[in-house]
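Since this is a predicted model, take the numbers as computed values, not measurements. Numbers restart at 1 for each chain; the letters A, B, ... are given by sequence-line order, proteins then strands.
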Amino acid sequence: MKITVCIGSSCHLKGSREVVEELQQLIADNDLKDKIDLCGTFCMGNCVNGVNVTIGEEIFSLKPETTKNFFETQVLKRI
Amino acid sequence: MRKFDTKVQDLKYKVLREVARHAFEDRLAESFIDIPDIIVVGNKPTMRCCVYKEKAIVAERIKLAMGGDKNNPNVIEVIDIACEECPMGGFTVSDACRGCIAHRCEEVCKRGAIYFDHNQKAHIDKDKCVDCGQCAKVCPYSAIVNIKRPCEIACKVKAIGMNENRSVSIQNDKCTACGACVYQCPFGAIMDKSYIVDVVELIKQSNHNQNYKLYAVVAPSVSSQFSYAKLGQVISGVKKLGFFHVVEAALGADMVAMTEAKELSEKGFLTSSCCPAFVDYVRKEFPEMAEHISDNLSPMATIAKYIKETTPNAKVVFIGPCTAKKMEFQREEVRPYIDSVITFEELQALIDSRDIDLTTLGEDVLDNASYYGRIFARSGGLSDAVREALKEQGLEDFEFNPISCDGIEACRLALRKASRGNLPNNFIEGMACVGGCIGGAGCVTHEERDKNEVDKYGEEAFEKTIQDAISVLK
Ligand code: FES
């Protein structure tokens, strides 16, 4: 599964780094390193709703503090 | 208001702007021959002997603005008819010579090149003179002057010569495309080829970023440019032109700082590889030192590589202060990542060709890099970043002893010592332009305050450490 986090300027200022770090941590904690491919891209053309994250084609709007919830409700069920 | 340092830049800008305007409006091919009439108006000459010559020169500038001579691999080209064939006699005795009886000039000249006429006035025998300049130093009247062409003075790699018609010629095997002569020629007779038409095409073909995403990678020296608008407005302007997103080349610099620090600690001695004119200079004049050039791609190429690897269907245009980048992006190892290169001068022309008034735009954001990536734009910044990167990677034990060289003369000195094995330093930060990238030939302005602007911009970075800035990149 491929999760892409937007690291464009706008999302970056809203906390892309924290989101990425949190996701990395959660992936490691859940032993999903070879199941989940985490990547970055510069801008998804949806800056106002950042931090933007996609799973495949689906787009989600995250904040650092909602990342855990996103992982539990959206990521885990797709594994 | 926008401003350039000189009228020559202003003229060049107008040509670029009109060429871009015609290209955007799909009428370049049929009506580029009308552009001289747009630029040279009326029938009173303001620059040359007559308006016909002025128009003829503008026509040559248009050719360069449209990519220049395809058979000349160099991006720096001479406009023959614009060259005023300035005198270049070297040391010459001027009218200020009083014909004194001390004859210090004669005394000091080791070559016996000084002789006197019946009025006791000094002359220099050019067959004997080696242009050492000692006579000029000792003359009590400062009557001996060194007559050189501004382009010749500007070119520290000695690539400037003269053709049989006395107009300037460039030796491509020496030229590093730094652009110093372009900026210094008071008649604008030397110009960098422009890829502005290619960039217009890239914008148009993307069809509002539907066919591919067009990224602009912007050099950190942007912070000292466009002083009439806010940086955020410049970013808005770039997007308004049709770019999908703007990314800081400084993030590439953060990545480079990390790998360069590691490479240095392993190899023990290194020269930087960020400045393409410096790298070219090492390869041409100190080939024995070429093995010590860092393996890193430049920050521009590094970040563009990342963009292309993570975003399918991306195209990248680099926007910076540098004419030598126009050579670099054509190199085999960089070509896959960078689609075109323009300078800040050319960005200004592009923006105005679309009648975009930056000062009326909202402020967009640009924030990817750390303080350290951003200060690469000025001399000393790269060394500071490598020091920080050593620290952040727990490599403080490595005794870092850098020398920051800005300007080719400083680079030459350090390289010569290093090639003889008597340079005390273990890292050469080489920048071809004085002051670093902020002194680049493609800058709109070159001012004293530019360094402070870069530092200020650096301090505004959201991420404070290099590690934090690059942690989002996997
Ligand atoms: S910066 Fe994230 S969507 Fe534009």
### Query
Heavy-atom distance under 4.5 Å to chain A: side chain of B:Val247, backbone, both or neither?
side chain
### Message
Need one label for B:Leu251: side chain, backbone, both or neither, based on atoms under 4.5 Å from any heavy atom in chain A.
### Response
side chain
### Task
Measure from the ring center of B:Phe329 to the ring center of B:Phe318 and say whether it is less than 6.0 Å.
no
### Ring center gap for B:Tyr215 and B:Phe243 short of 6.0 angstrom
no
### Task
Could you tell me which residues in residues 455-468 of chain B have at least one non-hydrogen atom under 4.5 Å from a non-hydrogen atom of chain A, sorted by residue number?
B:Phe462, B:Glu463, B:Asp468
### Query
So B:Ser206 and B:Asn211, side chain to side chain donor-acceptor pair (under 3.5 Å) or not? Walk me through it.
CA-CA 5 Å; B:Ser206 83; B:Asn211 295 339; over 6 Å; no
### Query
Out of curiosity, A:Asn30 CG to A:Phe71 CZ, how far, rounded to the nearest 0.5 Å?
4.5 Å
### Task
Hey, could you give me the CD/OG distance between B:Glu453 and B:Ser224, rounded to the nearest 0.5 Å?
7.0 Å
### Message
Exactly one of A:Asn46, A:Thr41, A:Thr4 should register a side chain to side chain donor-acceptor pair (under 3.5 Å) with A:Asn52. Which one does?
### Response
A:Asn46
### Residue pair A:Phe70, A:Phe60: steps toward the ring pair (Phe, Tyr, Trp, His ring centres under 6.0 Å) verdict
CA-CA 9 Å; A:Phe70 161 79; A:Phe60 301 87; 5.1 Å; yes
